[in-house]
Structures are given as structure tokens and as C-alpha cells.
Q: 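Sharing a structure below in C-alpha cells format, with a few things to ask.
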Amino acid sequence: MVRSLPRNAELAERFELLADLLELDGADAFRLAAYRRAAARIRESAVSVAELALEGKAQRLSGIGGTIEQKIAELARTGDLEALAKLRQRIPLGLVDVMRVPGLGPKTARKLWKELGVETAEQLRAAAEQGLLRGVPGLGEKTEQNVLAHFARPPERASRDGRALLGTVLPFVEAVVSELASHPAAVRVSEAGSVRRRTETVRDLDVIATATDPAALIEHFVTRPWVAEIVARGPTKATVVGHDGLRFDLRVVPPECYGNLLQHFTGSKDHNVALREEAVRRGLSVSEYGVEEVATGAVTTMATEQELYAHLGYAWIPPELRENAGELEAARAGTLPVLVERRDVLGDLHVHTDWSDGKATLEQMVAAARERGHRYVAICDHAKRLKDGRLERQAEAIAALNGRLEGIEVLSGVEVDIRANGSLDLDDESLAARDWVVASIHSGFRDPPAEIERRLLAAIEHPFVDCIGHPTGRKIGRRAPYDVDLEAIFARAGETGTALEINGQPDRLDLKDTQARLAAESGVRIVVSSDAHSAGGLGYLDLAVSQARRAWLTAAQVVNTRPWAEIARRAR
DNA sequence: GCCGTTTTCGGCCCGACTGTTTTCAGTCG
């Protein structure tokens, strides 16, 4: 029997656990940082890293060297790591949970284990309740109260491992930014952090500001009615948690270093570390307060990010690219792509109406699309809901609407299911009559990956299919992507000209950034879609565009930056 | 453990805040 290879997420988890246990064991900090870097690289890779390692090619990924490549191969062959097994014998696994309690860390967890015999989170709770924590050297009453408060929190808050969907938190961030900006002490206020980079999920919501009176602005921030808890508070920085569990960081500095602060607080951490290491090699020390020439001690501050990047020898890097995934090298060489922008996108090629499972009528959806400036919109209701002549009647309704409307072209599209045998749930004649055909998998998610791969390839080969909808089927945090060979799928889609979708639904964002980047590099045409089921849902096109930008895509690589007439010629 | 237009050895970003300390370690991002 063939053992299936461990998936990237599984590999990453093993290395994260290895790093955690090494940290509890008191290992060299740089060594475990290396494991964590490697885990992050593995997690974000669009191709199977286990396969790469078995072929001896995993070292192509930066952060993975010979040792870790061998360990990946060991995991792929045996399903476990000898190093991990040895550590598990020495260090109680439950200490990892103890270490994760906010305010505690590896050093404290180890101390509690040695001093009190605490090996699990439950034992930690019991020790705190018995008042034992304050007796441990270096700990006090405050720490004990923090631990008790952590366990006393409502379970949903305590178990919320923190990551919220980008699409659901963006409106809150925008509201907080405008709330702060209206305070008299505020000079400039901006979103920052992972929200500004548009990562698919975010843990903390970062806001930065310059202010005439920083203390006043921070006071205003921590006393907002939506603030449930003040986690930290100092003269330039505060952290609060809202009643909905969202965690906000605000940081304030003088206006002259706004560029330094915005860059620092936008991250990512990996991007900043790489940028600073490179700066150190050039005799410069970079922090949020400026760039210091180490030899002279002279500090230069920048009011804008553009000045900062220029000072360090880079072109300005769009926030969506700041993941240390080649952007610094490209920015130094002047080869950064000109990323697609929302205004380049001329229409939406995947929306639903109440002809199937949408909430709005055809007329409402089209009016809303025109309102957003779309020049065309493809109505792609589910074929299975358009039986018995309804598909034809909808086509007539669309034709009638086109006759009355100015400024937007309504396309008669359809979303068909790719069935278990690879066939579509609509006949060829009906498919040929539609302007735009999206084919998607909506069933059989637990079928063997090879089956799903065959279904996807069959749809890609189909002459009347224009685009594959949500190609990997993932639901963020709820359903893993199909374990299929994406490289093979991208290769075939590139050959047939079948487009692949970046679906903008907040819990899908499918393809994801690294996959879309790889697809486009393979010559695949990408469509950005809202998959809207309501008028408001049309806004998810923005999320799809953000994802496309994170995938390094230019306007030329995105199908729906072109006029419909041009797409239609190519599609048929 | 990784990595290299100063290095295959000796480095590895930088600062803020908290709690427990009378000068700092641990944690966090």
C-alpha cells in the first residue's frame, strides 16, 4: 500500500511542536527560530514540500537547509521524527498549553514544572486556585491573578485561537480608524499590520497614528465604549480587546517618523527582519523611530514609506507583497510587478440571484453592480436550480434587461456542478448557449484526492467551461483544500486556456495567494470574482483583488480587467 | 539550524511593556 505523503500543514505543525518542546527544553533560541521559520515556509508553500524533500529539492525554499530537509523526508517516510520522540519523553506535552497562557512563556512554564510539578493547563489552574503561584521565585500575586482571569474567561473567548477572517473585520478596522482620526489630538491615523497587508485571516488589528498629544489619543482609544479590556497601556502604545473579542493595537509617534512607524507596524515580521538584517550589513540600524547610521550615530527619520524604502535602496513595496517572498530582491533590482488594482477590474464574472440561492433579484443585483461601476456582470446561478425551462426563461429575462439598460452589459452565465464522474450537470447545448460557464465542485469532498483531481481535469478539458470556481474547495478554518496535484492542474489549465478563479468570499479566498502566484507563473488565466449572493456581497470582489495582489498578479494576468468583447472572442 | 558582493564560522532586528525586580528577565509583536 502506498502511504500518502504528509501535507504541508501537517509538516508545519510537527516542526512548530518541535520548536515549542525545544524552547521548553531551553535550547538555543536561534535553532528553534530556524524551525519556526521553516514551518512558516512549509505552511505557505503551494506545492507539496514532502515531495520536494524526497526529491532533495526542499532546500530551494529559503529557511530550509540540509538538516530540516532530512527531517521532512523522515516524516514523509516514517510519519514521525526521532528528535520529537526523544523530546516527548523528557518534556510533558501539556507544558505547551501552559506556555501558551498569555503572559506566561517557555521560561515561566518550565519554572512552574520544576518548582510545582505543573505539567498541564488544568494543573496550572489548580495551582493558581490554591495560591501556589505567588510562592514561586520571580512570580507574584499579579501573575497568579492573570492566570486565574485567563481560565475564568468565557470559553468562546478563551478557546478563540484568535484568527478572524479578513472580510469580516475590515469594516471594524475602518470604523476604529475614522473614530480615532476624528479626535482633535490625531494628526494621521492608518490601518497597519496584517490587515493592511490583506492577509486572509488576522489575529490583531493594528492601527497607527501621529498625534499632537499622544497621551490624549491613547486615553481616547482605551476609553471607547466597545473596549472590554485594556491589555496593555503605555505612553506610546496600547492594546485593548473589544466586546466581540477582537484585539486592537494602537501605536503613536511624532509626525516626522510616520513613514518609519507605518513601515515597521505593517510588517510582516519576516519582511522587517530581512530588511533590517540587510540594513545591518550596510551599517544601518532600522527601527520604528528612524534609520541610524551606526558608525556616526546619525538618525534619519522619514515622513513617508517611499522615502524610507528609497533611503535603504529599494523601490516602494506594496504592503500585500511584504512577506519576505522575494519582494526585497525585486524591489532592489527594480523588477517589482505593477500589481492589479481594483479600478483595473471592469466586471464581475460570478454572481448569484434569487433564480437560485441568491437573496436579491436579477434586477437588484444588476443595479447594484452598475452602481459599483461594473461594465459587465455575469449571472451565474446554479444549473441544478434552473431545470424545466427556467434556464431559458432566465436568458430571456437577461436579454430583456439588456434591452432596457445603459452602461452595463448583463451576461447569461451559469455555475455548473462537476459531478462525481467528471461530467457536468447541464447538457452541451445549454452550455453553448450561455455567455460564461463556471464549473465547480460542490459534493464528494471526502472522495479520494485522485478522484477529485480527475473531476477537475475533466472540467478543465471541457470545451464549454470558461472558468473553474473555487478550485481547491477549502473553507478557511473549516475544510482543508483538496489534496490534489495543483501543479498538474495549473499546467493543464494553462494549456487549455481555462481560467481559474480567485473567489472573494471571506471564508474561501480560493485560490489562495501562493497558489494563484504559482498558477499565473504557469501561464494560467485568473478571474477575480465576488461569488456574491446579495447586493452587498458584490464588495467581496475587493477581497479577491487583494488576494490577486498578494499573488503578485498584474492586470494583464487577470481576465476580467479586459472588456467583455475581448473576453468573449477568446472564450468562444 | 540557516546563511554568505566583507564570512563555510560566527553571526543571527529592534523596541515596548509588565511584573518583579532595585537593574532586569520574560514576553510580545
Side-chain angles (χ1 to χ4, degrees), chain A residues 15 18-19 22-24 26-41 58-72 83 98-112 133-147 162 192-194 202-208 214 218 230-240 247-253 257 260-261 263-292 294 299 312-313 324 328-329 332:
Chain A
F15 284 110
L18 183 59
L22 280 170
E23 194 169 24
L24 286 163
D28 171 57
F30 293 110
R31 203 172 135 223
L32 49 101
Y35 281 121
R36 295 210 168 107
R37 253 198 317 276
R41 262 297 177 260
Q59 290 190 56
R60 287 180 192 170
L61 302 174
S62 74
I64 295 181
T67 305
I68 291 184
E69 177 172 271
Q70 281 182 13
K71 283 187 158 64
I72 298 169
V98 175
M99 178 175 95
R100 292 266 175 272
V101 173
L104 305 187
K107 300 276 170 57
T108 312
R110 185 181 170 81
K111 197 188 288 181
L112 289 167
L133 264 46
R134 66 186 75 184
V136 177
L139 302 186
E141 221 170 309
K142 207 66 178 271
T143 304
E144 192 169 280
Q145 279 165 11
N146 283 344
V147 169
S194 50
V202 296
R203 197 194 325 269
D204 304 309
L205 306 172
D206 297 305
V207 179
I208 65 149
I218 285 179
I230 301 171
V231 178
R233 174 183 190 177
T236 66
K237 180 184 167 183
T239 300
V240 301
R247 189 183 171 99
F248 279 84
D249 277 345
L250 171 67
R251 197 133 168 192
V252 188
V253 290
C257 47
N260 305 90
L261 179 75
Q263 194 284 326
H264 165 81
F265 223 14
T266 296
S268 66
K269 184 178 154 102
D270 287 344
H271 174 88
N272 283 354
V273 167
L275 177 127
R276 289 169 180 195
E277 283 176 351
E278 175 69 15
V280 166
R281 286 194 280 275
R282 291 161 190 261
L284 300 170
S285 174
V286 178
S287 83
E288 59 265 55
Y289 297 113
V291 180
E292 181 186 348
V294 176
V299 176
L312 297 173
N324 194 27
L328 286 165
E329 295 81 350
R332 196 174 285 292

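A, B, ... follow the sequence lines: proteins, then strands. Residue 1 opens every chain.
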Q: With respect to the side chain of A:S287, which nucleotide from B:dG29, B:dG15, B:dG1 is positioned closest?
A: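 Closest nucleotide among those given: B:dG15.
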Q: With respect to the side chain of A:H264, which nucleotide from B:dA16, B:dG1, B:dG29 is positioned closest?
A: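 The nucleotide sitting nearest to the side chain is B:dG29.
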Q: Output yes if the stacking criterion (under 5.5 Å between centres, under 30° between planes) is met for A:F30 over the base of B:dC12, else no.
A: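 Yes, A:F30 stacks on the base of B:dC12.
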Q: Give the C-alpha distance, both sets of side-chain angles, the deciding distance and a yes or no for salt bridge (Lys or Arg N to Asp or Glu O under 4.0 Å) between A:E278 and A:R282.
A: CA-CA 7 Å; A:E278 175 69 15; A:R282 291 161 190 261; 2.9 Å; yes
Q: On a whole-Å scale, what distance lies between the C1' atoms belonging to B:dT8 and B:dC2?
A: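 One C1' to the other, the span is 12 Å.
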Q: Considering only atom P, compute the distance from B:dG26 to B:dT20 and round it to an integer number of Å.
A: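 My reading of the P atoms in B:dG26 and B:dT20 gives 14 Å.
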Q: Between A:K269 and A:T108, just flag the one whose closest nucleotide in DNA chain B comes earlier from the 5' side.
A: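 Residue closer to the 5' terminus by nearest nucleotide: A:K269.
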Q: Would you classify A:L275 as touching base, sugar-phosphate or nothing, given that sugar-phosphate means primed atoms plus P, OP1 and OP2, and contacts are heavy atoms under 4.0 Å?
A: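 No contact.
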Q: Just verifying a value: how many Å separate A:Q145 CD and A:L133 CG, rounded to the nearest 0.5 Å?
A: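 That separation rounds to 11.0 Å.
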Q: Base, sugar-phosphate or nothing for A:E141? Non-hydrogen atoms, less than 4.0 Å.
A: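 The residue A:E141 makes sugar-phosphate contact but no base contact.
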Q: Hey, what do you get for CD (A:E23) to CZ (A:R36), rounding to the nearest 0.5 Å?
A: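 The CZ atom of A:R36 is 4.5 Å from CD of A:E23, to the nearest 0.5 Å.
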Q: Which base sits across from B:dC17 as a Watson-Crick or G-U pair, both distances under 3.5 Å?
A: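 Partner of B:dC17: B:dG26.
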Q: At under 4.0 Å between heavy atoms, what does A:G103 touch on the DNA or RNA strands: base, sugar-phosphate, or nothing?
A: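 Sugar-phosphate: the residue A:G103, judged by heavy atoms under 4.0 Å, touches backbone atoms but no base.
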Q: Taking only the side-chain heavy atoms of A:I68 (C-beta and beyond), determine which of B:dG1, B:dG29, B:dC14 contains the nearest atom.
A: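 Output: B:dG1.
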Q: Just compare B:dT18, B:dC2, B:dA16 and give me whichever is closest to any side-chain atom of A:A232.
A: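 The closest nucleotide is B:dT18.
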Q: Within the 4.0 Å heavy-atom criterion, would you say A:R41 contacts the bases, only the backbone, or no part of the nucleic acid?
A: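 Touches nothing.
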Q: With a 4.0 Å cut-off on heavy atoms, is A:N146 in touch with a base, just the backbone sugar-phosphate, or nothing at all?
A: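 If one applies the 4.0 Å heavy-atom cut-off, A:N146 turns out to touch the sugar-phosphate alone, with no base involved.
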Q: Does A:L32 reach a base, just sugar-phosphate, or nothing at all? Heavy atoms under 4.0 Å.
A: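 The answer is nothing, as A:L32 stays clear of every strand by at least 4.0 Å.
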Q: What integer distance in Å separates A:R332:CZ from B:dT5:C1'?
A: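 The distance from CZ of A:R332 to C1' of B:dT5 comes to 12 Å, rounded to the nearest Å.
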